[in-house]
Every structure is written in structure tokens, then in C-alpha cells.
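Start at 1 with the first residue, then count along the sequence.
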Amino acid sequence: MNKEDIEVLKIAKKYMENMNDAILKAAEYIQNEDYYKGMDLVINITDGLEWIIQLIVSRNDIYTGNMGIDEFTNKIKEIVEAFENQDYILIGDLLEYEIKPIVENYYNETTNLIEKLKK
């Protein structure tokens, strides 16, 4: 691995950290019935989640283990379906209890990879 790989991972790590903050904020808005603000964030979150998937898939030279992309993609599809059905409570639950732990796992894996590559 080279210096460029470490920089990619550092960017991904920060992005995932920001994503988790946004997920928590969107879930909070939804729980407080501020659906407009919550859904506004959800749109950006889904774009961000797709970016994370693209990164992991395209950089399979770095992310070599089973990253659970199929499960992650299915959860995103559930969010889209809930969005189409205007089931905002389900969206909040999916974000907080299904998506956030997956992003946290990716964040942890990315952190571990950075440490491993620095050695």
C-alpha cells in the first residue's frame, strides 16, 4: 500500500464519521416529528451511503474481507421503499438501528486499515 491509499482511507474515515453524525441527526428529527428536516437529511445520507458502497467495492484491493455490501445495499433499498411509502418512523428506525451499526463497522475497519498501513 502506498501513501495515496492511506489518504483515501483517511478521507473515507472522516466521511463515515460525518455520515454517522448525520444519521443520528436525521433519526432525531424524525423522532421529534420534524419530518421535513429529517427527510432532507435522508436524501443526502442515501447519496453518502452509495458513495461508501462504491468506495468499498472499487477499492477491494484495500477492503479485502467480507464487508457485507449485499446486506448494506438491501438496507438502503428498505429506506428507499419506506421513503416511497412515507413511512418516516421506519426510515428513522432503519437509519438508527440498521444502517448506523454497519457504517460504524466500516469506520472501525477503515481505522484498523489505516493503522495497519502506517506500520
J.: Is Arg59 paired with Asp61 through a side-chain N to carboxylate O contact shorter than 4.0 Å?
T.: yes
J.: Should we count CG of Asn66 as having more than 12 external heavy atoms under 6.0 Å?
T.: no
J.: Is the count of non-hydrogen atoms from other residues, nucleotides or ligands lying under 6.0 Å from Glu81 atom CD greater than 12?
T.: no
J.: How far apart are the closest heavy atoms of Glu78 and Leu94, and which atoms are they?
T.: OE1-CD2, 3.4 Å
J.: Can you tell me how far CD1 of Ile56 sits from CH2 of Trp51, rounded to the nearest 0.5 angstrom?
T.: 9.0 Å
J.: Is there a side-chain contact (heavy atoms from CB on, under 4.5 Å) between Thr111 and Leu9? Walk through the geometry before answering.
T.: CA-CA 8 Å; Thr111 301; Leu9 289 172; over 6 Å; no
J.: Whether Lys25 engages the ring of Tyr29 as a cation-pi pair (distance to the six-membered ring centre under 6.0 angstrom, angle to the ring normal within 45°) should be assessed.
T.: yes
J.: Which heavy atom of Leu55 sits nearest to which heavy atom of Ala12, and what is that distance?
T.: CD2-CB, 3.3 Å
J.: Considering non-hydrogen atoms only, spot the tightest contact between Ala82 and Leu90 and give its length.
T.: CB-CD2, 3.8 Å
J.: Enter the distance from Glu115:CD to Ile6:CD1 here, rounded to the nearest 0.5 Å.
T.: 9.5 Å
J.: Does Asp70 offer a backbone N or O that forms a donor-acceptor pair with the side chain of Asn74 under 3.5 Å?
T.: yes
J.: Taking the side chain as C-beta and beyond, is there a heavy-atom pair between Met19 and Ile23 under 4.5 Å?
T.: yes
J.: Could you give the distance from CD1 (Ile30) to NZ (Lys37), rounded to the nearest 0.5 Å?
T.: 13.0 Å
J.: Sort out for me which residue in Asn105, Leu95, Leu24 forms a side chain to side chain contact (heavy atoms under 4.5 Å, CB included) with Lys100.
T.: Leu24
J.: So Tyr106 and Phe72, would you call those rings parallel, tilted or perpendicular, with 30° and 60° as cut-offs?
T.: perpendicular
J.: Going through the distances and angles, do Tyr63 and Thr110 end up as a side-chain contact (heavy atoms from CB on, under 4.5 Å)?
T.: CA-CA 8 Å; Tyr63 292 98; Thr110 301; 2.7 Å; yes
J.: Take Asn20 and Met16 through the test side-chain contact (heavy atoms from CB on, under 4.5 Å) and record every step on the way to the result.
T.: CA-CA 6 Å; Asn20 270 335; Met16 291 173 196; 5.8 Å; no
J.: Provide the closest heavy-atom pair for Ala26 versus Val42 in the form atom of the first, atom of the second, distance.
T.: CB-CG2, 4.3 Å
J.: When rounded to the nearest 0.5 angstrom, what is the spacing between CD1 in Ile79 and CG in Asp87?
T.: 11.5 Å
J.: Quick check: closest heavy atoms across Gly92 and Ala27, and the distance to 0.1 Å?
T.: O-CB, 4.1 Å
J.: Report yes if some heavy atom in the side chain of Ile45 is under 4.5 Å from a heavy atom in the side chain of Ile99; otherwise report no.
T.: no
J.: Provide the closest heavy-atom pair for Lys13 versus Ile114 in the form atom of the first, atom of the second, distance.
T.: CD-CD1, 3.9 Å
J.: Can you tell me how far apart CG (Asn44) and CE (Met39) are? Round to the nearest 0.5 Å.
T.: 12.0 Å
J.: Could you tell me the separation between the CD1 atom of Ile53 and the OG1 atom of Thr73, rounded to the nearest 0.5 Å?
T.: 3.5 Å
J.: Could you go through the side-chain contact (heavy atoms from CB on, under 4.5 Å) check for Ile91 and Tyr35 one step at a time?
T.: CA-CA 10 Å; Ile91 292 169; Tyr35 301 127; over 6 Å; no
